[in-house]
Amino acid sequence: MSTATHPEVRAGRSTVHDTVEDFEEFLGDPRAPGSRITFAEQMEYDEREEKAVPAFDALAEWGYPLHYVPAAEGGRFHDMERMFGLIRSLARRDMTPALSSGATFLGAMPVWGWGDAAQRARVADLIKAGAFGAFGLSEADHGCDVVAGEVLAEGGDEAGYLLTGTKWPIGNGIRSTFATIFARTGPAGPRGFSAFLVDKEKLDPLHWATEPRVKTLGLRGADVSGITLEDCPVPADAVIGSRGRGMEEAIKTLQISRTLVTAMSMGVADTGLRTTLDHIRSRRLYGRTVHEIQVIREQVLAAYVDLLVAECTTAATARAISVMPERLSLWSSVTKYLVPGLIDEVLGSLGSVLAARHFMREGVNDGIFQKMLRDNRIVSIFEGTSHVHQHVVASQLPSLLLRPEYDLNTEALLQDLFDHEYEPPEWDLRFDRFKLTNGGLDEITQSLPDVVAAIPAEYATLKQVAAEVLAVQERLQQGVRQLVKQGNDLHSNARGFTLARQHCLVHAAAACLHTWNANAGRGGFVSRPEWVVLALQRILTRLIPDQQLDPDSLVVVEAEMLSSWEDERLFSLVPLRLGGTGTD
Amino acid sequence: MSQTDETPVLNRVVTAAEVTDFLRGRVGRMIGLTPDEVDPAAPLASIGVDSVHAMELVAELEEWLGTHVPDHLAWSYPTIALISEQLASAESLA
Ligand SMILES: Cc1cc2nc3c(=O)[nH]c(=O)nc-3n(C[C@H](O)[C@H](O)[C@H](O)COP(=O)(O)OP(=O)(O)OC[C@H]3O[C@@H](n4cnc5c(N)ncnc54)[C@H](O)[C@@H]3O)c2cc1C
């Protein structure tokens, strides 16, 4: 079977999308028996709470783990946007292997970022040979309060260190061959931690053990467990980067990983919507399909629009890793706060549309929906809880009040961040440009007044909804000023958290407008104003009650949603062909 | 309101007053105040400098001074005035 590629469908893309399509084609349609990763098989492993070995075999065959290794070490890593696309494609089949496999990348990242040549070579060899890795930051008694961590590294001269304590809960605690362990090497405080590359094969078995797997709500085939060390010797050269810099390394690594995990939510949301449409476009009630019930129609469309909002937000953050990593401390927290929660809402809403079918562990698409619903629940919690990210955003809001002028540099940066044809350069995975805070710079939201003012008059509806978003931004800035004047720090204040949430929603609205601007004039759906109108209205729904979605825009956007469904394209502003569509 | 001088001060002894000026500028920017609105005697944590911002502050100080500052600095000396005093005396000892 052959489908000629529509010329419009090839525009507005980069080689990132080619890589993802190649992966999709290899994996096939997850609904079809015989594909490399199917819903049916993943469901079986989830029910048995076991590792889905065939899925990992398929990943190895395609070379997925090689994308965790930089080119200089013989891998295929090129840029984080590509990684993001691959994770989303895997997670739309099943989030469990995406997470289990992703924990390996997370564990390796500090080594790529700050490790020496020997550490890099060792981790590269292990990953290429199919080994799993782990990232050991969390401790049972300290959760989000990682600076209070107690796992201790004593010593530090040529004889090396003795590690003592338990990291729990962590992904791949048992399955991993190597782990990055964060341990105290000094008095509590920001310079009191160091990161260690722990090579399990080289540890003395009498001085370490794994903790049992934890029973979980979702991701039942994953290994969520722990590692306990007791006076366990590791060599002096196990320290990754400089002694005392572990916390900084962890925070910077998490700026990337918390962005990447939102790819899992995006993949899950795609399957949630696709499964819902698969069901309601064929099920008939009262002599018509369920989709033809007007309120259902609008509810499903709202879910699609929310998905586009999430995509605009997270795509620019993934892009920023290439373009402007200096801004990631804020942007990755905004993204991590917003996207998983938004997708929880999307799945909740679609669940009510699927009704009884959403509760069944069989039936429509082999009962995958309820698994997606369960699995996505963890995304807003690990890699920093939503509260933690609200804290980060709230703590930076005062610094954003001084708005730098909108100039040509800002315009060029926004173009690079949001242009769908941008080709991300190869990155060596060194973290030199990463910062702990944005230092008051946030071109995405600080440019909003200029961008709204520049919307052409012919787009009257868009101009009007964008003005409402701007009014929200002005109000929230007044709120920040007021709290600062009263001497309140925003991050330990409920009002500050509310303002942080509002800022995240304004950020998402700005991201939608920038996406539209950066891809205007190229034709295709992304250049239409209708999706932006609805996107901003869906955002405003969360800020000002009683929003009415613009009826004229609904028609256009629904047509795009349905053609993405019928033609087996990802629900996305970028045309991307899904596996199993029989290319040639 | 004066703009803080943030040119690196490589290879010379800094005074406590200079460090205070630098820190009031940086902290002011972080928490949305002008430098002269920042109270050097107030504990940093109570005026909105959380642990991540404190780490950033230490990194900025090092860049400005062109040398490492003691690892536990902002923790043991949690006000601008105390950090300035300790840094100035550490510098003059060196
Ligand atoms: C499936 C799974 C996989 C995991 N994988 C890993 C891994 O690979 N590596 C690893 O290191 N860890 C991992 N974790 C641990 C995970 O990151 C922690 O569970 C998470 O950080 C939250 O900690 P906690 O649940 O103990 O919450 P707690 O720290 O006990 O928090 C309790 C409550 O306080 C809130 N809170 C905390 N700080 C603030 C604040 N500053 N302001 C306001 N509210 C706040 C929290 O949001 C929460 O509601 C994993 C967990 C799970 C479930």
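Quick note on labels: first sequence line is chain A, next is B, and so on, each numbered from 1.
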Intermediate values then yes/no, side chain to side chain contact (heavy atoms under 4.5 Å, CB included), Gln396(A) and His53(B)
CA-CA 9 Å; Gln396(A) 297 203 32; His53(B) 280 83; 4.0 Å; yes
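- If you take OG on Ser492(A) and CG on Asp50(B), they are separated by 9.0 Å, rounding to the nearest 0.5 Å.
- Using a 4.5 Å cut-off between heavy atoms, Leu402(A) does not touch chain B at all.
- Taking all atoms of both residues into account, the shortest heavy-atom contact from Gly32(B) to Val484(A) is O-CG1, 3.8 Å.
- Contact between Thr437(A) and Val52(B) at its shortest, heavy atoms only, is CG2-CG1, 4.4 Å.
- Looking at Met30(B), the atoms closer than 4.5 Å to chain A (heavy atoms on both sides) all sit in the backbone: N, CA, C or O.
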Check the pair Glu62(B), Arg191(A) against salt bridge (charged side-chain N to carboxylate O under 4.0 Å, His left out), reporting the backbone distance first and the verdict last.
CA-CA 13 Å; Glu62(B) 287 183 334; Arg191(A) 293 273 170 89; 3.2 Å; yes
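- Contact annotation for Arg243(A): neither backbone nor side-chain heavy atoms come within less than 4.5 Å of a heavy atom of chain B.
- Heavy atoms of other residues, nucleotides or ligands lying less than 6.0 angstrom from CD of Glu405(A) number 12 at most.
- A distance of 11.5 Å separates OG in Ser46(B) from CG in Asn488(A), rounded to the nearest 0.5 Å.
- Residue Ala42(B): no heavy atom, backbone or side chain, is found under 4.5 Å from chain A.
- In terms of non-hydrogen atom pairs under 4.5 Å with chain B, the most contact-rich of Asp489(A), Leu436(A), Asn438(A) is Leu436(A).
- The shortest heavy-atom contact between His491(A) and Gly48(B) is CE1-O, 3.4 Å.
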